[in-house]
Amino acid sequence: MNSLNFCTILLTIFIFADTSFGLKANLEEHQKKSSYSKTLSKSLIGINIVKNKKESLKELDLLAKSFIDEGSYNRALDIYDKILDQKPPRKKIFEYYVIIGDLYNLKKDYNLSLEYYKKALYIRKNNAEVMVKIGKIFFEGNLFELAEKMFLDALKIDKKSIKANRGLGDLFYKQGLYAKAINYYIKIPKEFYEREIIRNMADSYKNLNKINEAIDILEPFLEKHIDYELMFDMGLIYMNMNNYEKAKEWLLKSLEVKADNFKNCIYLASLYDLTGEHKKAIELFNKAYDLDSSYASVDFMRASLAYKAGRIKEAKIYANESYKKAKSIFVKDQVTKLIKFLDRK
Amino acid sequence: MIPIKSSIFIIFVVLFSVYPSFAEVQGFNEENFFIDVLWRKAMSVEEKQLPKIALVLGGGGARGFTHIGVLKVFQEERVPVNLVVGTSVGSIAGALYCAGASLENLQNTIKDFDKRDISNFSSISLLEMLLADRLLSNKKLENFINARIGEVTFNQLQIPLVCIATDLITGERILLREGSVAFAARASSTVPGVFQPVEYNQRYLIDGGLSENIPVSVAKIFKADVIIAIPLSADITKNSVNNIFLTLMQAIYIQGQSLDQYNLSMADVIICPDVGDLNAANFAGAYKSIDKGYIAAKKSIKEVKIAIINKIPERVLIE
């Protein structure tokens, strides 16, 4: 080795010493978990290989990503700090800020997340994706007006932004502004409809009394997927339409998928009660009771059914049981009314 | 090999830890279920078995757009309304609602609403007002209402309506419930000192807000069982009082506020949209308050249903 090469090595060691020593502790522990990072860290610890800055950044970047894949966000953040210390190119800095923002977001440290997204936005003022990310943070913090502004700004730049439209849809849905939520959800191409979008849209239509639209959005999804929750939602939609036969059909389908769904049992039972199928109603209320006996509503409904069948004594027992379990004032008031009514019989 | 005692212990632990998942109770809100079941029953019985439900729509100038949002929720939730009592802008909203005007269309058409749509407001008329002591006219308000519901009279309305006005001479509260609906709504909204009083049966009528801005007591007179009040009161703490005129105005607001509070104490449900900081005279962008009304009503709808269910005799709900 000639003296020039030796000097180069020394200089390289000097430049990367801080990086490598800082990383050493992390890396040694990390080696046990990841074979990839093991190989990588070996090469970084033994700084005997000459690398230029670009290569080193690349390796650090890979290491950080491997930490992210493992869910070791703090370690990944440490690495990104080191990367930023090395003053990477401006284009890369933007990317790192976004990643760091994402990591803090995953850690639910929204203040720091916001700080890095803002730094990223300072570099690229017209980046719709970062605007959406900031909007989402505001949304999570219930800062609806700020979130709306960020999503709308993103839409100004990227008129078809799926994420911005989704963000606005979610934002208005959460606020109960269903018509507005729908206005943005429908701008998302159908192939990007996720289950939650479908559920929110159906619920929005239901709340707006646009029942047919709610069905139209749920039905195609349920033709392809078995989803007991959406089947239950479908049942409730038909209940709202007073189409009790269809409602029963969907609630039964949902119950076939998940037989131990207490909520479904009790709603279907109440539907049977409403349509005069008392035997089926009793069976289902009994099943609901077996699943969870802590609810006043089951005993209340059993008391009401027993009364209708002329079994006053049994009705009184159920009503008293219901009173013991009633938790809210409204429920207690209704049970009290029932008890007084039965006492007069 | 696991010892027998340990095995039994493990089985117990597994059984007890698994048990809660047997019942899918996540997301089950018992109160909502009760309301749902009882509401469904209530809506399936004859109307005469239900309590008489009254909406009381308060005055508040430009804040009145909020009523549209509230009324939309009542339409969506199919809450049966048997009476509407309105003061000032509450009378206008009530007239449109009781006549069956499409709230959706209304919301879309009033985005560009301007003072000139309901009055002869202009620089010339303002100059006349200042120099010749001639007040503005709100005759155009009648045209505005008629254009949306036709020239209907009170007995043609789908839902009975009472508009509140004030007699400028005697200070009496006047209940308008016959003749032209648009005329009554106009009389009820005639802001004193700005618009010319409206002549009616040898009386000079001005804004109902002067005598009763949130007329719950009127709903009581008409024997409503469930009264839902929607006040649009200003947040008087934000008013400026740094000159004689503003101080006098503040005094009027304070006086009105205690009457409002008395009235509101008689309501079964109060829906309070967050519009206290909106200026009653600022119509530009006021349509945005529709959302505030909608949100407030959505939040209160459970309370509304509870109030109605509570007034239904148990015999109707159980049998």
Side-chain angles (χ1 to χ4, degrees), chain A residues 172 175-180 206-210 228-229 232 236 239-240 242 244 258-267 269-271 273-274 288 290-298 300-301 303-304 307-308 315 325-331 333-342 344, chain B residues 18-44 69 72-79 103-104 107-108 288 290-303 305-319:
Chain A
F172 290 121
Q175 292 179 83
L177 294 167
Y178 302 113
K180 284 190 168 185
K206 193 181 91 179
N207 278 300
L208 293 166
N209 260 342
K210 293 183 174 175
Y228 76 93
E229 282 180 322
F232 175 76
L236 288 194
M239 258 176 113
N240 268 18
N242 295 336
Y244 296 143
K258 192 157 176 62
D260 59 359
N261 187 340
F262 173 85
K263 195 173 167 182
N264 198 346
C265 281
I266 196 166
Y267 270 93
S270 73
L271 195 52
D273 177 26
L274 204 64
D290 291 341
L291 289 169
D292 195 323
S293 58
S294 67
Y295 285 104
S297 45
V298 180
F300 180 92
M301 297 304 285
S304 160
Y307 165 74
K308 282 175 192 164
K325 296 169 189 172
K327 289 169 195 90
S328 78
I329 295 168
F330 174 69
V331 174
D333 284 349
Q334 302 315 308
V335 182
T336 308
K337 270 188 187 177
L338 177 66
I339 292 171
K340 281 183 185 166
F341 176 77
L342 291 171
R344 291 198 293 269
Chain B
V18 163
Y19 179 75
S21 70
F22 286 169
E24 174 66 46
V25 290
Q26 201 184 11
F28 178 67
N29 181 318
E30 183 158 54
E31 194 167 85
N32 287 351
F33 172 76
F34 256 89
I35 294 168
D36 202 32
V37 168
L38 297 175
W39 183 254
R40 216 173 282 284
K41 281 199 176 180
M43 292 303 109
S44 66
K72 271 177 78 180
V73 174
F74 276 77
Q75 268 186 355
E76 279 169 19
E77 297 285 338
R78 287 176 256 180
V79 177
L103 297 174
E104 199 75 43
Q107 186 176 352
N108 294 331
K288 286 179 185 167
I290 295 174
D291 284 350
K292 294 196 171 184
Y294 187 87
I295 291 170
K298 275 281 179 197
K299 276 185 191 162
S300 303
I301 203 68
K302 187 172 162 181
E303 209 187 327
K305 287 182 178 176
I306 287 176
I308 296 169
I309 290 168
N310 279 338
K311 293 279 171 75
I312 301 173
E314 54 267 35
R315 180 183 50 77
V316 176
L317 294 174
I318 295 161
E319 287 188 332

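Here is the naming used below: chain letters follow the sequence lines, and residue numbers restart at 1 for every chain.
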Side-chain heavy-atom pair A/Asp292, A/Val298 within 4.5 angstrom cut-off = no
Is chain B contacted by the side chain of A/Ser297, its backbone, both, or neither, given a heavy-atom distance below 4.5 Å?
-> both
Side chain of B/Arg40, backbone of A/Met239: donor and acceptor closer than 3.5 Å?
-> yes
Relative to chain A, which of B/Arg315, B/Met43, B/Arg78 shows the most heavy atom pairs under 4.5 Å?
-> B/Arg78
Please work out which of the three classes, parallel, tilted or perpendicular, describes the rings of B/Tyr294 and A/Tyr178, given edges at 30° and 60°.
-> perpendicular
Interface moiety of B/Leu38 toward chain A, non-hydrogen atoms closer than 4.5 Å | side chain
Under 4.5 Å from a heavy atom of chain B, the part of A/Met301 involved | side chain
For B/Glu104, is it the side chain, the backbone, both, or neither that has a heavy atom closer than 4.5 Å to a heavy atom of chain A?
-> neither
Between A/Tyr267 and chain B, which part of the residue has a heavy atom less than 4.5 Å away: side chain, backbone, both or neither?
-> both
The interface call for A/Leu208 against chain B, heavy-atom contacts under 4.5 Å, is both
Could you look at A/Leu271 and say if it's the side chain, the backbone, both or neither that has a heavy atom under 4.5 Å from chain B?
-> neither
Report the option among B/Asp36, B/Val37, B/Asp291 that has the most heavy-atom pairs separated by less than 4.5 Å from atoms of chain A.
-> B/Asp291
Nearest heavy-atom neighbours spanning A/Ser294 and A/Lys327 = O-NZ, 3.2 Å
Is a salt bridge present between B/Lys298 and B/Glu77, judged by a nitrogen-to-oxygen distance below 4.0 Å?
-> yes
Which atoms of A/Phe330 come close to chain B, meaning under 4.5 Å heavy atom to heavy atom: side chain ones, backbone ones, both, or neither?
-> both
Is the distance between the ring centroids of A/Tyr295 and A/Phe262 under 6.0 Å?
-> yes
Engaged part of A/Lys337 at the chain B interface, taking heavy atoms whose separation is under 4.5 Å = both
Pick one of side chain, backbone, both or neither for A/Asn240, based on which atoms fall under 4.5 Å of a heavy atom in chain B.
-> both
So what's closer than 4.5 Å to chain B heavy atoms on A/Lys180: side chain, backbone, both or neither?
-> side chain
Closest heavy-atom pair, A/Cys265 versus A/Leu291, reported as atoms and distance to 0.1 Å, is SG-CD1, 3.9 Å
B/Ser300 side chain to B/Glu303 backbone, donor-acceptor under 3.5 Å | no
Go through the atoms of B/Ile312 and report whether side chain, backbone, both or neither lie under 4.5 Å from a heavy atom of chain A.
-> backbone
So, the side chain of B/Glu30 versus the backbone of A/Ala296: is there a donor-acceptor pair under 3.5 Å, distance only?
-> yes
